[in-house]
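Below is one structure, written out as structure tokens; the observations come after it.
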Amino acid sequence: MASGNKTPARWFNLVCVSEDIVPSGSFEQLAMPHFERLYNFACWLTQDRLEAEDLVQETYAKALKGFSSFQPGTNFRAWIYKILRNTFLTSRTGLKATATVPLDPEGEDEDLPTVSETPESILLQRSDGQVLQQAMEQLPVAYREVLLLCEVEEMSYQEIAAMLAIPIGTVMSRLSRARRALRDGLRLRLQKG
Amino acid sequence: MACESWKAKLDTDLDGELPEEEMRTFDAHVRGCVSCAADALTRIQMKRAIQVAGKRFAPSAEFRKRMQQSIASKPQRSFRLAWILAAASVVLVAAALTTTYMATRSGRDQVSRNRVFSEIADLHVATLASAAPVDVVSTDRHTVKPWFQGRIPFAFNLPELQNTQFSLVGGRMAYLDQTPGAHLIYDVRKHHISVFVFQERALPSWPSSWSAKLPGADENSLAPKNLPFNMETWNQGGLRYFVIGDASSADIDGLAKLLKAAP
């Protein structure tokens, strides 16, 4: 599997860039550049700004406490995102979110054919970002997080696999299902008008 | 390979995760296949829409400050605290005298700046969404800069980008408050960054000495609440520069430094 940041120049000029290997530095120097994005990710996970603040605060407290275990020169971003995610999963909201939304069985997913209808194009024609945000909000948390890590955080499959502690094949199948679920959600919303 | 097989791998390809050899084969196929090209373009647009929609939440300046204080190393914190206490008594007197005057003025200035930031962000987004984002396409600053001769009523310098991670894509005209200016587009690791240059005097209610990095701890309140980009602005030689993009603040700052040091 090719790493995102090793990709050669392409015709579409839109690929995953996920380099975040940092040298060394104080915890503050390493952690604060990720603050905005961690908060954004926390908001998407919790769907509540106050809870997201608590989650980010707890994440930073845990990361600071365990900073001695972080190896300089390794991927700090993946490390701190993993702490945030694990903290979320053990929170009341996280337990509720993962317990109540069953996912399809995962594994090596079959290659999914493209759907002939394209709710994306309808949405893009309407330029309705709010509908897209609502559709993203409605995704099960496991789909929402993998989609955000790939599209917004621009992490490589390898980074996502390490962070979620799942095989790369599962990352791919989960992403595929997340995108399909998003398309279905959009289609539903667009049909409702 | 049949189109259906390619389309099943389209998302993986657009994520940049196909092996290089397969990517090259796929690129060649897409160039010659209208159906796959259309499908790919729709998905690229969708990816971009998710990227924009996904960057939805921004922390408050107050929360950022609280976090920064909570993780700041202790010696640094006590030094900062001592400094703040020493300076506070002096500042307090001066602040009391100027508060009344400044409150009125800064409120007006802030509204004006917010409007300009929003317009700059709109110009950036609208350009990237355009089918032809640049009018002069060149990575050579000696081609792009002369293109503006006779089109804008001022001249500006562009930096040498050799041995940097930035590359020049091209330029186009931009208008802000009916004033013509230059709009340059740079790439850094697949992110597009816009650089706008306008005459300072053409921008109303804009303090000429003012510069800022947005979003930032101190200046956050000056920015529109939901500005989803990093932005830096400064005045140099009577020209107002804006650097904006979804690249990291370090990248925005890096390009700004190059522009400031341009010969």
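Small disclaimer: the values here were computed from a predicted structure and weren't measured. For the numbers below, each heavy atom of this structure counts, side chains included, while hydrogens, waters and symmetry mates do not. So you know, we letter chains A, B, ... as the sequences are listed, proteins then strands, and number each from 1.
The CE atom of Met67(B) lies 9.0 Å from the CG atom of Leu38(A); values are rounded to the nearest 0.5 Å. Atom CE of Met46(B) sits about 9.0 Å away from atom CD of Glu151(A), to the nearest 0.5 Å.
Using cut-offs of 30° and 60° for the angle between ring planes, the Trp44(A) and Phe57(B) rings count as perpendicular.
Using a 4.5 Å cut-off on side-chain heavy atoms (C-beta onward), Lys190(B) and Glu154(A) make no contact.
Note on residues 158-171 of chain B: pairs passing salt bridge (Lys or Arg N to Asp or Glu O under 4.0 Å), not counting sequence neighbours, are Arg141(B)-Glu160(B).
At a 4.5 Å heavy-atom cutoff, the contact between Glu137(A) and chain B is made by side-chain atoms alone.
Scored by the salt bridge (Lys or Arg N to Asp or Glu O under 4.0 Å) test, Arg144(A) finds no partners at all (sequence neighbours excluded). Evaluation of the ring-ring contact (aromatic ring centres under 6.0 Å, His included) rule for Trp79(A) yields Phe70(A), Phe76(A) as partners, not counting sequence neighbours.
Listed here is the closest heavy atom pair of Arg37(A) and Asp246(B): NH2-O, 4.2 Å. Taking every heavy atom of both residues into account, Leu132(A) and Ile50(B) meet most closely at CD2-N, 3.8 Å. Taking both residues in full, the closest heavy atoms of Arg49(A) and Arg56(B) are given as NH2-O, 4.5 Å, listed atom of the first, atom of the second, then distance. Closest approach of Met136(A) to Gly54(B), counting heavy atoms only: CE-CA, 4.0 Å. Across every non-hydrogen atom of Lys55(B) and Val152(A), the tightest pair is CG-CG1, 3.8 Å.
A salt bridge links Asp15(B) to Arg179(A): at least one charged side-chain nitrogen sits closer than 4.0 Å to a carboxylate oxygen.
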Let's go through Asp11(B) and Met172(A) carefully: what are the C-alpha distance in whole Å and the side-chain angles of both, what is the deciding distance for side-chain contact (heavy atoms from CB on, under 4.5 Å) to 0.1 Å, and is it a yes or a no?
CA-CA 9 Å; Asp11(B) 284 322; Met172(A) 293 169 72; over 6 Å; no
If you apply the rule side-chain contact (heavy atoms from CB on, under 4.5 Å), what do you find for Glu17(B) with Ile168(A), and how did you get there?
CA-CA 11 Å; Glu17(B) 296 278 356; Ile168(A) 285 182; over 6 Å; no
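Chain B forms more heavy-atom pairs under 4.5 Å with one residue of Asn40(A), Leu175(A), Leu148(A), Leu147(A) than with any other, namely Asn40(A).
Proximity to chain B among residues 52-65 of chain A is limited to Glu53(A), Val56(A), Gln57(A), Tyr60(A), Leu64(A), judged by heavy-atom separations below 4.5 angstrom.
Between the Glu36(A) side chain and the Pro59(B) main chain, no donor and acceptor come within less than 3.5 Å of each other.
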